[in-house]
Amino acid sequence: MLRFAFSPTHDLSLDELRLALLNFIVAKQRSEDFIVRVEDTSKRNVIEGKDKESLDLLDLFGIRYTQTIYQSQNFRFHSAMALQLMHEGKAFSCFCSPEWIQGKINDTEAAKKPYLYDDACANLPAELVIDNTNPFTVRIYRPQNDIAIKDHLQGDVTFKADTIDSFMILKQDKTPMADFASGIDDMLNDISLVIKSQEDVESTPKQVYLRDQLEYNKQVEYIHLAPIGDDETPSVRSLLEQGYLPETIVNYLLSMDLEVALEKFDIKTLLVNPKSFSLNDLKELNKECFKNMDAKELSRYVGFADAEIGELARLYVDQVQTTKELKTKIAPIFEPRVVPEELQEQYNAIKNCAKQAPYFDQYDDFKAYIASETGLDKENISQTLRILLSNAKSGPDLAKIYQYIKNYLGEFTK
């Protein structure tokens, strides 16, 4: 089984969507189930409704999963596992205050050294533990041996024991730390492979060590991927609001990692160092998606369900890069006309004539009729006809525009 985990404390990031996609695809290729885990253990940081928003986004991008698990529902299992570790002498109560710990962290940072807990409470006599009424956390004893993990990109990776301290597994309020909860939940859900960010690689040996201490024998495999974005990269929600198509975003993300078609996906084709996110590349891909999209589907992105309007919108795709920009081209066509004062008289004559005109399939025939009936010079009415047909001073060929809006002329001449 594979899983994707996210925290409902922020908008779903592009890197998180990428990880969700890859875990989902690999699960399908391995004929394994795929689940989604909502890591909501930090209740004070959870944003109401953000879990549903992120789950809805996964659905929008075609990511199907067999189950949604809220990490907070597993608190009883986390507590039970922590108690087991304490009973077996593998974990201990830590009475160090957050302020004291922060002081130690500040000291090591000043010395430009990584912070490791100094085991101040690791060997307290039982009577001091029992009689101590101060709040306490629970820590697991530091590993004595190096920790090996299987990474599909980097091979067998070993983490030195002296780089991992007696890390915290339960907070003072007895809710689990993120590494502890994640490591236990992967065990409970029988996860076989985790594709995660290289930025979270330090959590992996801790989770492996936790499961080893609980005598869980199954080896979880890993793939650690370099991130493609940074703090300035727009969130998935933001990109959608700007007018980037879901299929554009999916194709772009997969192109960061794959050189093969989706159905031929192989985890070995993942790149260790994919190129960084480029908004310009995404824009160009979005334009290509517009060009290849079904006309009726394209029309929905500009507020219609009409293939003719979809074809009309396609006339403007070389001028735009997002659906938001495309709407600014199509919406004015169906709004009250803005007519320059010097053309108002000519416009009124053409509009009244068009209102009474028979149906013409071709623009040239329509134009010739208008010129004939109004007595206006055929060569000097194009600008006014453009205002009537598109509510703009410039744009695509009027003959092409007419082809797709001729059935709407009645609305334009009311």
Side-chain angles (χ1 to χ4, degrees), residues 241-245 247-248 280 283-414:
E241 289 175 346
Q242 290 177 50
Y244 292 94
L245 302 170
E247 50 265 52
T248 297
N280 287 333
K283 288 177 179 178
E284 290 305 313
L285 187 57
N286 211 40
K287 288 175 67 172
E288 289 303 311
C289 283
F290 287 154
K291 294 176 182 178
N292 298 322
M293 183 178 291
D294 173 76
K296 190 170 185 178
E297 181 66 19
L298 181 58
S299 75
R300 291 192 174 96
Y301 284 99
V302 293
F304 291 81
D306 183 345
E308 294 293 305
I309 300 303
E311 294 296 350
L312 174 66
R314 211 187 303 278
L315 296 177
Y316 292 87
V317 296
D318 286 331
Q319 303 175 30
V320 302
Q321 294 173 317
T322 67
T323 57
K324 192 173 182 179
E325 293 173 356
L326 190 58
K327 285 180 181 178
T328 67
K329 299 293 184 180
I330 303 302
I333 296 176
F334 297 89
E335 294 174 353
R337 272 36 188 168
V338 178
V339 185
E341 185 176 351
E342 65 272 16
L343 294 177
Q344 190 66 59
E345 183 177 347
Q346 187 182 87
Y347 175 81
N348 290 339
I350 290 176
K351 177 182 176 183
N352 291 331
C353 182
K355 188 182 300 185
Q356 306 299 324
Y359 174 82
F360 290 100
D361 188 57
Q362 299 298 320
Y363 170 71
D364 286 342
D365 295 335
F366 172 73
K367 182 179 180 181
Y369 173 85
I370 294 294
S372 173
E373 292 298 310
T374 61
L376 296 170
D377 185 351
K378 183 179 178 181
E379 301 304 319
N380 295 323
I381 62 173
S382 294
Q383 185 177 359
T384 309
L385 280 173
R386 181 173 291 281
I387 293 173
L388 175 68
L389 298 178
S390 68
N391 202 15
K393 295 179 180 180
S394 61
D397 183 7
L398 270 181
K400 293 180 179 179
I401 292 177
Y402 179 83
Q403 193 63 34
Y404 302 121
I405 55 88
K406 57 191 175 187
N407 293 324
Y408 289 88
L409 274 177
E411 293 187 26
F412 302 161
T413 57
K414 287 181 180 178

Applying side chain to side chain contact (heavy atoms under 4.5 Å, CB included) to K283 and Y244, what does each step give before you reach the verdict? CA-CA 8 Å; K283 288 177 179 178; Y244 292 94; 3.1 Å; yes

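- Atoms CG and CD1, on L385 and I370 in that order, are 6.5 Å from each other to the nearest 0.5 Å.
- Rounding to the nearest 0.5 Å gives a distance of 8.0 Å between NZ of K324 and CD of E241.
- For P358, the side chain to side chain contact (heavy atoms under 4.5 Å, CB included) partners two or more places apart in sequence, or in a different chain, are F360, Y369.
- K291 places a side-chain heavy atom less than 4.5 Å from the side chain of D318.
- For the residue pair A305 and S299, the shortest heavy atom distance occurs at CA-OG, 3.5 Å.
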Show your working on side chain to side chain contact (heavy atoms under 4.5 Å, CB included) between E284 and Q321 and close with a plain yes or no. CA-CA 7 Å; E284 290 305 313; Q321 294 173 317; 3.7 Å; yes

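- Every residue meeting the side chain to side chain contact (heavy atoms under 4.5 Å, CB included) condition with T413, not counting sequence neighbours, appears here in chain and number order: K351, A354, K355, L388.
- A distance of 12.0 Å separates NZ of K329 from CG of L312, quoted to the nearest 0.5 Å.
- Heavy atoms only, all atoms of each residue included: N286 and T248 are closest at OD1-OG1, 2.7 Å.
- Shortest non-hydrogen contact noted between S390 and R337 is N-NH2, 4.0 Å.
- One distance of note links OH of Y408 with CZ of F304; it measures 6.0 Å at 0.5 Å rounding.
- Within the 4.5 Å cutoff, the side chain of L409 has heavy atoms near those of the F412 side chain.
- Residues forming a ring pair (Phe, Tyr, Trp, His ring centres under 6.0 Å) with Y363 (at least two apart in sequence, or on another chain): Y402.
- Although no hydrogens or angles enter the test, the distance criterion places a donor-acceptor pair under 3.5 Å between the side chain of N391 and the main chain of P336.
- Note: K400 NZ to L398 CG = 11.5 Å, rounded to the nearest 0.5 Å.
- Two residues are said to be in side-chain contact when any heavy atoms from C-beta on lie closer than 4.5 Å; K406 and Y359 meet this criterion.
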Just do the side-chain hydrogen bond (donor to acceptor under 3.5 Å, both in side chains) check on Q356 and N352 with the steps written out, would you? CA-CA 7 Å; Q356 306 299 324; N352 291 331; over 6 Å; no

Go through the steps to decide whether Y301 and M293 satisfy the test side chain to side chain contact (heavy atoms under 4.5 Å, CB included), and finish with yes or no. CA-CA 11 Å; Y301 284 99; M293 183 178 291; 3.9 Å; yes

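- To the nearest 0.5 Å, atoms CG (L285) and CG (N280) are separated by 12.5 Å.
- Closest heavy-atom contact between T384 and Y347: CG2-CA, 3.4 Å.
- With a 4.5 Å cut-off on side-chain heavy atoms, N407 and D306 do not count as touching.
- Considering only heavy atoms from C-beta on, V317 stays 4.5 Å or farther from K287 through its side chain.
- Atom CD of Q346 has more than 12 heavy atoms from other residues, nucleotides or ligands within 6.0 Å.
- Closest approach of L326 and L298 over heavy atoms only: CD2-CD1, 3.9 Å.
- Within a 6.0 Å radius of CD in E345, other residues, nucleotides and ligands contribute 12 heavy atoms or fewer.
- Nearest approach of K378 to A368, heavy atoms of both residues: NZ-CB, 4.2 Å.
- A distance-only check finds a donor-acceptor pair linking the side chain of T322 to the backbone of Q242 [under 3.5 Å].
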